[in-house]
Amino acid sequence: MTATISYDDVEVGTELPPQTFPVTRATLVQYAGASGDFNPIHWNEKFAVEVGLPDVIAHGMFTMAEAIRVVTDWAGDPGAIVEYGVRFTKPVVVPNDDKGALIEVSAKVAEKLDDNRVRVDLLAKSAGQKVLGMSRAIVRLA
């Protein structure tokens with residue numbers, strides 16, 4: 001696959017379609033099984049509170065993976081991502097209820113680079129707080 005978005009059709013400031021990703025305790029258990037990360041802060045409320053967290057929190061890498069979906073969906077090809085990095089600023093707190101938490105992600109083209117590449121800056125929030133900082137992806141477009 002290759003990116004379906006043309007470099008020539010993109011300008012600095014182009015906004016990608018925002019998305020919201022639900023996260024429940026069941027989601028965290030599924031991710032733990034898939035990733036092998038069974039740290040109890042991601043599934044055991046008692047342990048999470050004992051170590052100073054407000055509640056169970058989502059895996060940082062899970063949060064990072066959910067956020068980049070905005071870019072891969074827009075580009076049309078996960079392989080178009082050349083580089084991706086974030087700083088974890090706040091945890092995504094996942095309460096033990098029927099709703100869980102939401103990760104709200106928006107993104108925009110921040111810079112056009114050479115070789116049909118663009119830098120996309122992402123904003124990921126949960127419960128009104130920014131959960132990823134310096135979230136940037138380099139994407140090779142068609």
Side-chain angles (χ1 to χ4, degrees), residues 1-45 47-49 51-142:
M1 289 179 68
T2 58
T4 58
I5 302 292
S6 170
Y7 179 83
D8 293 333
D9 293 338
V10 174
E11 299 297 329
V12 170
T14 298
E15 294 184 10
L16 284 60
Q19 293 186 51
T20 300
F21 304 99
V23 186
T24 64
R25 295 281 178 95
T27 309
L28 299 182
V29 171
Q30 291 168 340
Y31 182 81
S35 68
D37 181 352
F38 293 100
N39 187 325
I41 64 172
H42 303 303
W43 57 270
N44 184 318
E45 184 175 338
F47 183 85
V49 170
V51 298
L53 295 168
D55 205 333
V56 164
I57 62 170
H59 303 72
M61 296 302 283
F62 171 82
T63 303
M64 187 178 175
E66 290 291 78
I68 197 66
R69 288 174 56 189
V70 168
V71 181
T72 59
D73 288 354
W74 171 74
D77 177 12
I81 307 300
V82 176
E83 185 178 318
Y84 177 45
V86 306
R87 290 191 182 169
F88 301 108
T89 56
K90 298 276 184 188
V92 174
V93 179
V94 183
N96 190 19
D97 59 19
D98 294 335
K99 297 177 188 173
L102 296 174
I103 301 170
E104 301 168 281
V105 184
S106 60
K108 68 179 177 180
V109 175
E111 185 178 3
K112 289 186 87 167
L113 307 167
D114 61 349
D115 198 24
N116 283 15
R117 297 175 308 137
V118 295
R119 188 186 90 214
V120 175
D121 292 351
L122 296 93
L123 175 62
K125 290 183 166 186
S126 184
Q129 294 191 335
K130 187 175 173 182
V131 295
L132 298 176
M134 298 294 293
S135 184
R136 296 180 174 166
I138 305 297
V139 184
R140 182 168 285 114
L141 300 177

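Reckoned from all heavy atoms, side chains included, excluding hydrogens, waters and symmetry mates. We number each residue from 1, following the sequence as shown.
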Value rounded to 0.5 Å, distance of CG in Asp37 from CE in Met61: 10.0 Å
Set of residues satisfying ring pair (Phe, Tyr, Trp, His ring centres under 6.0 Å) with respect to Tyr31, sequence neighbours excluded: His59, Phe62
Counterpart residues, salt bridge (Lys or Arg N to Asp or Glu O under 4.0 Å), relative to Asp114 (two or more places apart): Arg117
Pairing residues for Thr4 by the side-chain contact (heavy atoms from CB on, under 4.5 Å) criterion, not counting sequence neighbours: none
Taking every non-hydrogen atom, the tightest pair across Ile57 and Leu28: O-CD1, 3.9 Å
Heavy atoms of other groups near Lys125 NZ, more than 12 under 6.0 Å: no
Sequence neighbours excluded, every pair satisfying side-chain hydrogen bond (donor to acceptor under 3.5 Å, both in side chains) that has a member inside residues 60-87: Gln19-Asp73, Glu66-Arg69
Lys112 side chain vs Val10 backbone, donor-acceptor pair below 3.5 Å: yes
Which pairs of donor and acceptor atoms, one on a side chain in residues 91-109, lie under 3.5 Å apart (sequence neighbours left out)?
| from | atom 1 | to | atom 2 | distance (Å) |
| --- | --- | --- | --- | --- |
| Asp97 | OD1 | Lys99 | N | 2.9 |
| Asp97 | OD1 | Gly100 | N | 2.6 |

Set of side-chain contact (heavy atoms from CB on, under 4.5 Å) partners for Ala65, sequence neighbours left out: none
Backbone N/O of Leu113 and side chain of Tyr7: donor-acceptor pair under 3.5 Å: yes
Pairs under 3.5 angstrom only: tabulate donor-acceptor contacts from the side chains of residues 132-142 to other protein residues two or more places apart or in another chain.
| from | atom 1 | to | atom 2 | distance (Å) |
| --- | --- | --- | --- | --- |
| Arg140 | NE | Asp115 | OD2 | 3.4 |
| Arg140 | NH2 | Asp115 | OD2 | 2.9 |

Any pair counted as salt bridge (Lys or Arg N to Asp or Glu O under 4.0 Å), so long as it reaches residues 14-36, sequence neighbours left out: Arg25-Glu45, Arg25-Asp55
For Val120 against Leu16, the heavy-atom pair lying closest together: CG1-CD2, 4.0 Å
